[in-house]
Each structure stands twice: as structure tokens, then as C-alpha cells.
**Student:** 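Before I ask anything, here is the structure I am working with.
Reckoned from all heavy atoms, side chains included, excluding hydrogens, waters and symmetry mates. Both ligands and their constituent atoms are indexed starting at 1 by order of listing.
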Amino acid sequence: MDQHLLKAACICFIFSFFMSCNAASYNVVRYGARPDGRTDSSQAFERAWRAACASTSSTMVYIPRGVFMTKPVVFSGPCRSRILFQIDGTIVAPPNYQDMGNSGFWILFTKVSRLTIHGGTIDARGSKFWACRRTGSRCPPGVRSLSILWSSNVVVSGLKSLYSELIHVTVSDCNNIVFEHLNIIAPSRSPNTDGLIIQSSSGVTIRNSLFRTGDDCIAVGPGSKNIWMEKIACGPGHGISIGSLGNSLNEAGVQNVTVTNAVFTKTQNGVRIKSWARDSKSYATNVEFRNIVMKAVDNPIIIDQTYCPGDRCPRQTSGVEVSNVRYSNIKGTSTTVEAVKFECSVSNPCRGIQMRNIRLTTPNRATTSTCENVHGRASGQLVPKSCL
Ligand SMILES: *[C@@H]1O[C@H](CO)[C@@H](O)[C@H](O)[C@H]1NC(C)=O
């Protein structure tokens with residue numbers, strides 16, 4: 001048995017809990033992909049995918065070791081059976097960012113269910129694109145590295161994503177998606193390189209993952225519910241954010257979000273809820289932040305309902321209702337004195353905010369908390385002293 005087949009057999013064995021193991025494997029090299037780092041392999045990838053997608057028994061798309069360059073690729077379903085997308089190699093973007101096109105996507109999975117993406121590195125090589133944006137000259141719109149749209153029952157495990165042009169991973173209009181052992185890396189000064197953005201989706205779990213980015217590590221956007229984040233390391237970056245919410249009037253809300261066992265290191269924010277200062281029917285409710293360590297974080301705990309870049313909301317207040325948010329067992333250091341900041345909407349005060357066992361300090365001065373338009377209660381040990 002050659003090494004690839006052996007490997008395929010092993011992985012197949014691991015996944016055999018839910019796969020049948022007589023599965024065929026579709027190696028992208030057999031479809032014309034070249035592991036030379038230069039040849040555009042996007043069409044070969046798509047051909048291998050289409051063959052796997054048509055298979056009546058569970059199958060594997062296999063990207064062996066080596067560096068494969070691809071322009072934007074689309075893996076679309078529905079497929080006839082379960083697919084394991086095994087990446088042993090590295091997928092890199094074309095050297096010239098102009099070749100990423102205008103679709104906004106680099107690697108896109110759409111309308112698939114029962115998919116496991118396992119292993120691999122994807123490197124969008126975003127630095128020249130960031131440089132273009134910094135100079136303010138005319139740049140293409142840029143792409144998100146990995147997008148999963150209109151899909152269900154997807155597991156992404158052990159993926160490393162480097163230097164995205166924009167967002168590293170996007171999940172939209174999906175159900176039941178698990179991310180684990182992700183490694184998301186971009187420099188702290190790379191613009192809009194958010195780690196993972198979720199919107200209009202339900203049942204998304206992110207665990208045992210590391211995010212180092214130039215923007216939000218994870219952002220939970222409108223229409224998200226039943227979101228679970230556990231064992232997350234974030235930093236540098238802008239923290240974990242719910243929002244921005246309330247950009248438009250008829251926007252879906254966010255409910256049932258948990259962040260537990262997270263460590264934030266040198267991030268701009270820790271746990272944040274953020275909404276536009278505009279009228280909206282959106283909301284954020286049943287949110288829990290617990291067992292969190294902050295290491296030199298600028299704004300460890302923050303609700304900001306006054307967001308309005310460019311001053312486009314004169315005399316408006318946020319219509320977003322923030323309610324039932326629990327903070328417990330949050331410890332560590334803040335770089336600013338104002339370690340807890342609740343700036344809620346004048347027209348829609350925050351309700352049901354609970355704080356329990358918080359200890360956030362700075363090296364030399366006592367920390368403070370500020371409350372505007374917020375109702376709730378506090379218990380246990382609290383540093384800074386509660387303003388609720
Ligand atoms: C909240 O979300 C979690 C994680 O997705 C899920 O297990 C739980 O059942 C949800 N709770 C409710 C009340 O829907």
C-alpha cells in the first residue's frame with residue numbers, strides 16, 4: 001500500500017465512526033493539480049470535488065503534501081454522500097492579489113452537508129493587499145479566505161489559516177458547524193483580518209482554537225443563535241465581539257451565546273457587545289461569558305451601543321435590546337483604568353446584566369466601572385466595584 005493510501009485508510013479509520021470505509025479517494029493530483037507552488041490548481045480542485053460530490057458512498061477529496069496554488073475555488077453541493085476533505089499540504093493564493101477576482105471569496109464551500117475538512121494550511125499571502133489598502137490607492141475588494149455558506153453538519157478540524165486579505169473564516173446561513181483546533185494567524189496591524197465571523201447561523205461551536213489577528217478574533221453577527229466558544233486563545237486582535245448589531249432596521253437578533261475558558265492576551269477588547277447608534281429591531285439576549293483570563297487587555301468587559309463610525313447617525317440612539325448577559329469568573333489585567341464599561345442605549349437600556357466574581361486590575365491604579373442606562377445585579381467578589 002503506498003503512503004497516501006495508507007494515510008487515507010488511517011484517516012478513514014478515524015472517521016469510520018460515521019463513514020463507511022470502502023470509500024474512494026479523489027486525489028487532486030490525479031485531476032491535474034501540481035504541488036509546485038506555482039501552477040494554478042483551482043480547476044483541478046473543482047474537478048476532484050465534483051467527482052467526489054457525485055459519489056454515492058462516502059468519499060474523500062485528498063490534497064497531498066506539497067504547495068498548491070489556487071485562484072478562487074468553489075466547492076458546491078448538494079453532494080450525494082459524506083465527504084472528508086483531507087488537506088495534508090498547503091494551499092496558497094496567487095502571488096498577485098489582482099488574480100483573486102471580485103467575488104469576495106477565495107475558498108468557498110456552499111450548500112454542502114456532512115462535510116469534514118481536516119488538517120492543512122491555507123495561506124492567502126495578504127501582505128501586499130494590506131499594503132495597497134494602507135496607501136489608500138485603488139485596490140481590489142479583497143477576499144475572505146475560507147467561507148462556508150448555506151451548509152449544515154460541517155466539521156473543520158486542525159486547519160491553519162495564515163495572512164488572509166480580509167476575514168479568515170466566514171460562516172453564513174449555516175446549521176450545526178464545528179470548528180476545532182484552528183490556528184488563525186495574521187499580524188496585529190493587518191486591517192480587517194478578523195478570525196472567524198458568524199452570521200445568520202445556528203449551532204456553531206468553536207473550541208480549542210487560537211486566534212492572532214488584526215481585528216476581531218471572533219465576531220457573532222446578526223441572526224446567530226446557539227453559539228458555543230470554548231478554550232479559545234485570542235490575541236493580538238480586537239477580542240470576541242457580539243456585533244456590530246443594529247446596522248439596519250429589520251435585522252435579526254443574536255441569542256444564546258456562550259464564551260467559556262478563554263484567554264485574551266494584549267487585545268483591544270476582551271468580551272464586547274457592540275451596536276450601532278441607530279434605530280433597529282435587533283437584539284442580543286442570553287449571553288454568557290465565564291471563566292475568562294485577561295492579560296493586558298485595553299477594554300476587558302465592554303458593551304458599546306454608541307458605535308457610529310463617520311458620524312452617520314446624528315442624534316440617534318441604538319434600537320438594539322441587550323438583555324440577560326452574565327459575566328462570571330473573569331480575572332486578570334487591564335491596560336486602562338476603566339476595566340468595565342457599559343454604555344447602553346438611552347432609548348433601550350440594557351436589562352438583566354449579571355456580574356459575579358470579577359477581578360480586573362491594573363499594575364498601579366485602582367480600576368473603575370462605568371454604567372450608562374443599564375440594569376442588573378452583581379454578586380461575589382468584584383474588582384472594580386460594581387456600578388450596577
Ligand atoms: C444554547 O446553545 C447551546 C450550544 O449550541 C445548546 O447546546 C443549547 O441547547 C442552547 N440552549 C437553548 C435554550 O437553546
Side-chain angles (χ1 to χ4, degrees), residues 17-18 82 109 112-118 146-159 167-182 184 194-211 216-234 239-245 251-264 270-275 281-292 301 303 320-330 350-356 376-377:
F17 182 63
F18 52 84
R82 181 178 293 283
F109 289 87
V112 291
S113 64
R114 298 179 299 160
L115 168 71
T116 296
I117 302 171
H118 186 256
L146 171 66
S147 301
I148 302 173
L149 311 182
W150 308 101
S151 294
S152 61
N153 303 314
V154 176
V155 175
V156 181
S157 176
L159 180 76
I167 302 160
H168 283 263
V169 182
T170 316
V171 178
S172 185
D173 300 281
C174 287
N175 252 312
N176 195 18
I177 312 288
V178 175
F179 294 94
E180 57 190 12
H181 306 292
L182 294 186
I184 305 280
D194 303 77
L196 201 160
I197 292 195
I198 302 162
Q199 57 190 15
S200 307
S201 294
S202 114
V204 181
T205 297
I206 306 156
R207 59 185 173 228
N208 295 304
S209 293
L210 176 97
F211 297 84
D216 292 335
C217 288
I218 302 172
V220 178
S224 305
K225 65 177 183 189
N226 305 342
I227 311 297
W228 186 269
M229 296 168 246
E230 182 172 8
K231 296 191 181 148
I232 306 294
C234 166
I240 293 181
S241 190
I242 294 179
S244 308
L245 302 179
E251 188 188 273
V254 169
Q255 58 183 303
N256 186 18
V257 178
T258 301
V259 178
T260 181
N261 293 68
V263 179
F264 294 84
V271 290
R272 171 170 65 168
I273 298 175
K274 176 176 168 189
S275 80
K281 293 173 183 157
S282 191
Y283 59 85
T285 191
N286 296 335
V287 177
E288 176 149 15
F289 300 112
R290 63 168 192 254
N291 306 335
I292 290 170
I301 294 178
I303 298 178
V320 175
E321 292 189 0
V322 176
S323 63
N324 299 334
V325 183
R326 292 185 299 278
Y327 301 87
S328 66
N329 198 19
I330 300 179
C350 298
R351 290 178 295 110
I353 308 299
Q354 291 179 43
M355 307 210 54
R356 189 183 161 76
R377 62 194 157 78

**Student:** Verify whether one side chain among Asn329 and Asn291 offers a donor that lies under 3.5 Å from an acceptor in the other.
**Tutor:** yes
**Student:** How long is the span from the CD1 atom in Ile148 to the CZ atom in Phe179, to the nearest 0.5 Å?
**Tutor:** 4.0 Å
**Student:** Out of Met229, Glu230, Arg290, which residue meets the side-chain contact (heavy atoms from CB on, under 4.5 Å) rule with Thr258?
**Tutor:** Arg290
**Student:** When you measure from atom 7 (O) of ligand 1 to the protein, is at least one non-hydrogen atom found at a distance under 4.0 Å?
**Tutor:** no
**Student:** May I ask you to check whether Thr285 and Ser323 show a side-chain donor-acceptor distance below 3.5 Å?
**Tutor:** yes
**Student:** Counting heavy atoms only, which of Asn256, Ile227, Thr258, Asn286 is nearest atom 13 (C) of ligand 1?
**Tutor:** Asn256
**Student:** What protein heavy atom sits nearest atom 5 (O) of ligand 1, and how far off is it?
**Tutor:** Asn226 O, 3.1 Å
